[in-house]
There are 2 protein chains.
Amino acid sequence: MYRAVTAHPEKHFTGSETVSDIVIGMSDGLTVPFALAAGLSGAVASGHVVLIAGIAEMAAGSIAMGLGGYLAARSEHESYLSERAREQREVEEKRDLEIEEVRDVFRSYGLTGDTVEAATQGIISDRERWVNFMMKQELGLEEPDPKRALRSALTIGLAYVAGGVIPLAPYALNVPLNRALLISAALTLVALFIFGALKGRFTGGSVWRSAFQTLLVGAAASGAAFLIARAVSGTGGA
Amino acid sequence: MYRAVTAHPEKHFTGSETVSDIVIGMSDGLTVPFALAAGLSGAVASGHVVLIAGIAEMAAGSIAMGLGGYLAARSEHESYLSERAREQREVEEKRDLEIEEVRDVFRSYGLTGDTVEAATQGIISDRERWVNFMMKQELGLEEPDPKRALRSALTIGLAYVAGGVIPLAPYALNVPLNRALLISAALTLVALFIFGALKGRFTGGSVWRSAFQTLLVGAAASGAAFLIARAVSGTGGA
């Protein structure tokens with residue numbers, strides 16, 4: 001066997017999961033801080049304010065993404081366990097109905113007659129196996145791994161901060177604001193392209209397409225933020 | 001049958017998918033603009049700057065989330081189709097190996113002997129059915145729906161903007177900055193709690209837990225943004 005039968009949807013990742021989390025976190029972390037800084041550059045006079053806003057965004061965004069992702073994964077795991085407990089009750093209390101559901105699964109694969117019956121008897125002869133079969137076939141659910149979720153959330157959160165450093169660093173230099181914006185844009189667009197390509201590689205898609213898509217999202221978000229912030233600042237007293 | 005056999009993982013949502021997207025987008029959209037505005041309030045003197053930064057963040061965040069989510073879903077669909085094409089080739093070119101993999105799937109469910117053989121023959125008697133079976137059983141993949149992805153991305157992006165309006169509105173009022181921060185915090189914490197509860201209801205988890213978790217993420221992100229922005233502003237000339 002050259003591929004595992006019990007594979008999870010993640011299995012088409014061709015690299016290690018941690019590297020993939022880093023790449024995803026960094027390419028996302030580049031986008032919003034870059035766009036925010038570009039937007040503010042069009043609207044406020046001070047590079048220091050842009051820097052503070054960018055750092056506040058990185059703190060807020062990475063915590064929202066990391067902590068939020070972790071708590072969501074924990075809830076998902078508990079939700080899986082409660083669905084499983086429900087399925088377990090149903091297998092006991094509505095035995096005939098659940099047996100018919102096993103038959104329906106095999107019929108949906110095109111099996112007929114005695115084969116359906118033999119396969120169904122095979123499944124229902126073991127309670128645990130039956131419940132796992134129903135969870136996967138009927139509900140499309142596989143048990144999530146909460147440890148992996150914690151590591152993944154931390155990695156993505158930290159990588160988000162690391163990604164955010166790239167567009168913000170030029171605003172910490174002692175250069176005029178529009179020069180800082182230009183350096184930030186040049187650095188970030190190159191970085192978006194590279195991280196987009198790496199993201200494509202690690203998520204198994206096309207490398208070039210992923211590179212251009214990541215670049216497009218970053219450019220669209222920052223272009224919109226720039227134009228909107230400038231329009232808003234024109235109407236007030238900044 | 002009271003539950004569909006071909007259900008997707010989303011099926012445990014108890015409300016309509018669009019309502020659930022709105023709630024998810026709004027509760028996420030509340031968090032980062034609120035945290036950013038709170039962070040900047042501790043570091044810059046002008047409510048107008050806070051408002052511009054918040055609006056720029058909403059524009060950047062909603063485009064990154066909406067467009068990014070849409071493009072990711074489209075890539076995922078194409079990746080599904082390319083995996084499916086590969087599986088189709090393998091079924092033709094490595095027929096014996098792939099038949100053995102079907103047997104392995106049934107053996108992993110605990111079936112034995114003639115039953116495995118009969119079920120396997122049932123599957124491989126139809127090429128399309130065989131490929132779909134391998135996609136789901138071996139790779140854990142079901143065909144994503146690209147139309148749903150577009151609608152979902154648009155809904156979440158717009159709801160993100162709608163959520164961001166709540167924490168930012170007080171900064172548009174003609175009140176002192178620390179008063180605006182207090183009103184924003186009060187409004188947002190209440191809204192986070194309500195949307196967290198709705199999110200729990202629509203994603204099938206515990207309503208109270210989801211409410212408190214959403215509140216916790218918002219409070220942690222904005223607290224950190226506030227403290228970090230104030231620390232950074234103390235080191236410079238803002």
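Every chain is numbered from 1, with letters handed out A, B, ... down the list of sequences.
Within a 6.0 Å sphere centred on CG of A:Asp126, other residues, nucleotides and ligands contribute more than 12 heavy atoms. No more than 12 heavy atoms of other residues, nucleotides or ligands shown are found within 6.0 angstrom of CZ on A:Phe212.
Taking chain A as the reference chain and counting heavy-atom pairs below 4.5 Å, the highest number among B:Ser62, B:Ala53, B:Ala38 is found for B:Ala53. Contact tally against chain A (heavy-atom pairs below 4.5 Å) for B:Gly39, B:Ala59, B:Ala60: the top residue is B:Ala60. Most heavy-atom pairs under 4.5 Å with chain A: of the set B:Gly223, B:Gly218, B:Ala221, B:Gly42, this distinction falls to B:Ala221. Top candidate by heavy-atom pairs under 4.5 Å with chain A, chosen from B:Glu117, B:Arg129, B:Gln121, is B:Arg129. With chain A as partner, the option from B:Gly122, B:Gly66, B:Ala119, B:Ala35 having the largest number of non-hydrogen pairs under 4.5 angstrom is B:Ala119. For the options B:Ile55, B:Thr31, B:Leu111, B:Thr214, heavy-atom pairs under 4.5 Å to chain A are most numerous at B:Leu111.
Of the atoms belonging to A:Glu78, it is side-chain heavy atoms, and not backbone ones, that fall under 4.5 Å from chain B. Only the side chain of A:Phe106 comes within less than 4.5 Å of a heavy atom of chain B; its backbone N, CA, C and O stay farther away. With a threshold of 4.5 angstrom between heavy atoms, A:Arg74 approaches chain B through side-chain atoms but not through N, CA, C or O. There is no contact between A:Ser222 and chain B, counting heavy-atom distances below 4.5 Å. Heavy atoms of B:Ile228 lying under 4.5 Å from chain A belong exclusively to its side chain.
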Legend entry - Verdict with reasoning, A:Leu216 to B:Leu71, per side-chain contact (heavy atoms from CB on, under 4.5 Å): CA-CA 10 Å; A:Leu216 172 68; B:Leu71 293 174; 4.2 Å; yes

Inset, instruction - Show your working on side-chain contact (heavy atoms from CB on, under 4.5 Å) between B:Leu36 and A:Leu36 and close with a plain yes or no. - result: CA-CA 11 Å; B:Leu36 175 65; A:Leu36 174 66; 4.0 Å; yes

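Closest approach of A:Gly61 to B:Val32, counting heavy atoms only: CA-CG2, 4.3 Å. Among all heavy-atom pairs drawn from B:Ile63 and A:Ala224, the shortest one is CD1-CB, 3.2 Å. Scanning all heavy atoms of the two residues, the minimum distance from A:Ala225 to B:Ala56 falls at CB-O, 3.6 Å. In plain terms, the two heavy atoms of A:Val217 and B:Ala64 that are nearest each other are CG1-CA, 3.8 Å. Smallest separation of non-hydrogen atoms from A:Ser233 and B:Ile52: CB-CD1, 3.5 Å.
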